[in-house]
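The structure appears right after this line, and notes come after that.
Chain letters run A, B, ... following the sequence lines, proteins first, then strands; residues in each count from 1.
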Amino acid sequence: MANHPGGGSDRDDTPGIEGLGVVPAPTHGPVRRRIRRWRYNVPRLSQFAVEHLLLLPLGAAIALVWANTDPESYYRFTFSIAFAVNSVAMVFFFALMTKEVVEATAPNGVLHPWRRALLPVVAAIGATMVPALVHVRVVEALEEPMLNVGWPVTFATDLAVTYFVARVIFKIHPAIPFLLLLGIASDALAFLAAAVLHPAGDLHLPLGAILMAAALAVAYGIRRLRYRSFWVYTLSAGVISWAALYLSGLHPALALVPIMPFMPHAGRDPGFFVDARPTARDALSQFELVWKYPVQVTLFFFGLVNAGVRLNAFESGVWGVPIAVIVGKPVGIFVAVGAALAAGLRLPSVIGWRDLVVIGLTAALGFSIALFINDALLPPGQLRTEVGLGVLISLVAAPLAVGAAWALGVGRFSKH
Amino acid sequence: MMPAFRCIVDPIPVSSPARRLYLTPLVAAAIASAVLLAQAPALPNRPGTLKFAAMGDNGTGDRAQYDMAEQMAKVHGTFPFDLVIMLGDNMYGGQSPADYVKKFEQPYAPLLNAGVKFQASIGNHDRPEQVNYRLYNMGGQRYYTYTRANVRFVALDSNLMDKKQLEWVESTLRDAREEWKVCYFHHPLYSNAERHGASVELRVLLEPLFVKYGVNVVFSGHDHVYERIKPQKGIYYFVSGSAGQLRKGNMAPTEETAASFDQDLSFMAVEVAGADMFFQTISRTGKTVDAGVIHRQLKPGATMPEADRASLDPHVHQ
């Protein structure tokens, strides 16, 4: 990280803490100088946390400590903000994820054309069905059949965390778009399963369908009228879409997902999870520029609200999710890709079975999406806690994926 | 009661020096009192009162569960309860039709044959289909309510405390006109067992409703011990999760704990007589490990006095 450009005469040339570029706090000096240092360091630390996706795990870590030290105050606080975080603020997180997908799959996008997605989508069917079956069998074997209801959680793949880990392993490689398309398809199936099979409340689908049709019509009309501001889309079609999902009994956090494709986007995709240029004028880029930081704050609170599980709730059934995703994802991808290849589809030539093992382990990182599905599926109580613990334990898939890559000579560990 | 006394005293050999000591009138009277209180149901056992039993975490199908069930049948012989509330984890492991026989119908056959009605709630080890099992009398519902005498019972599903169930709890408790309101479910709102402890998230959701609508007593299982909690916001809480499973030595009593027992399996016998609810916790060997009486609170939120009578067993913590 570069030094602050506006340091002026107060600029301190002391070397920053490695990786952070943070200037150590002075041990003496006037108060004004100290305040200036804080004003200099805090934004840089914040930027580092945002860019390295640290706020979600930070929120989750605080939640874990809080829930296990003063659970009553933790639950009172988080129950009071759960709706605002999970059903309102998370709308913008899913909107940003959708924005990435819309841009990447549009013409000139890194995941375009869609036919490239065919094999990953087939792989996603294996990467969801097999873990779900494994989960059901495991929780039965562990004598916690009540946890059967949590199987859609095993579908989830956290795109951001997965991308981060995949870049560490593969750097730039066709396995990354394959993995992202697989993750997008898996998450779509997860949302579908959670919404249809375990709605948040009583279903009122006709009412929801009418309102959603109205939201899409409004979005289409705004597009036809060539409005460029994302606010127009968000505050009209987005609000109607939110009401449609909420009143129909489905989770309203996905309200902007069907609206984002209507927003004008740049002619060229800068790349997956590559920041929009500050000068970009199109609606999707503007949306990202405005919401990028608030969404990180949202993710902090999302981790705080949803990851606070009490460790004394540990039961054997906790192992259902980790076993299902760590074993089931690679096996499911193998089975599905094998069937697809037998049917005549082709894998990119540089992706072999070793890569598929690593892809499967990386896709097992459900984290934020898995916690979201868990919250959507299960009310507070033992079952949600056990599944949540399982999701957190599943994060071990990250070092497992790196270890597998090292052992199998994949990506940056390749000998070729 | 005398056979139990004789059984204990008579085996001492006539020539034993100890016999002379034990049979001095004073010592004999002390032993008799202790044995009578420790071995027999000492509830008022009045005719016409509501008598029921509470048990949790019972359905293992192993020898321990059968022993406990035999003890319940023995108690039923002198204390004819006609209702058993089941506090969840009614069945562990396989839950095929054969398991229903092995883990429920066979061990409790004497009680079932005597017309005792079981009313179950479900725990985390139970299959959802249990709600349809005829002898659990759940009417196909995860949560339900019924009235016996002057007591409103509310059985909940603490696995999935969703908004719909919470709304149902509130309306049910608000509309209940009975003198006593008793709730039971699997996961305890208060517990000082080391393995699981309290389900605090459920406490945050349920306790305000219990206080607001004047719930008197709450029974739960999950922790495989017995614990009586000191009244919390005017409500008595019992953990009775050792009618088949036992976690020996798992109790870590705190200042919340009024009494506890973690050395053997146990179940509870309860009698509601007007404004008093008598309870007695009985171990697999028939020993009374805790007993007392709860005086019904007069209005929602009122503070109730402590249980009158404490335990007689050295394992009970006060």
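Under the side-chain contact (heavy atoms from CB on, under 4.5 Å) criterion, A:Ser394 pairs with A:Val321, A:Pro322, A:Val325, not counting sequence neighbours. By the side-chain contact (heavy atoms from CB on, under 4.5 Å) test, A:Val327 is found to be paired with A:Ile323, A:Val331, residues two or more places apart in sequence or in another chain being considered. By the side-chain contact (heavy atoms from CB on, under 4.5 Å) test, A:Leu58 is found to be paired with A:Leu55, A:Ile62, A:Phe300, residues two or more places apart in sequence or in another chain being considered.
For a residue to count as touching a neighbouring chain, one of its non-hydrogen atoms must lie under 4.5 Å from one of that chain's; by this rule B:Ile122 touches chain A with the side chain only. Within the 4.5 angstrom heavy-atom criterion, atoms from both the backbone and the side chain of B:Leu160 approach chain A.
Considering only heavy atoms from C-beta on, B:Leu205 comes within 4.5 Å of A:Pro380 through its side chain.
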Which side chain or backbone donor-acceptor pairs connect chain A with chain B at less than 3.5 Å?
from	atom 1	to	atom 2	distance (Å)
A:Glu72	OE1	B:Arg203	NH1	2.6
A:Glu140	OE1	B:Arg127	NH1	2.7
A:Glu140	OE2	B:Arg127	NH1	2.7
A:Glu140	OE2	B:Arg127	NH2	3.2
A:Glu143	O	B:His125	ND1	2.4
A:Glu143	OE1	B:Gly93	N	3.3
A:Glu144	OE1	B:Asn124	ND2	3.0
A:Asp202	OD1	B:Lys164	NZ	3.4
A:Arg310	NH1	B:Ala198	O	3.2
A:Asn312	O	B:His196	ND1	3.2
A:Asn312	ND2	B:His196	O	2.5
A:Phe314	O	B:Arg195	NH1	3.0
A:Phe314	O	B:Arg195	NH2	2.8
A:Glu315	OE2	B:His196	NE2	2.9
A:Thr385	OG1	B:Glu201	OE2	3.2

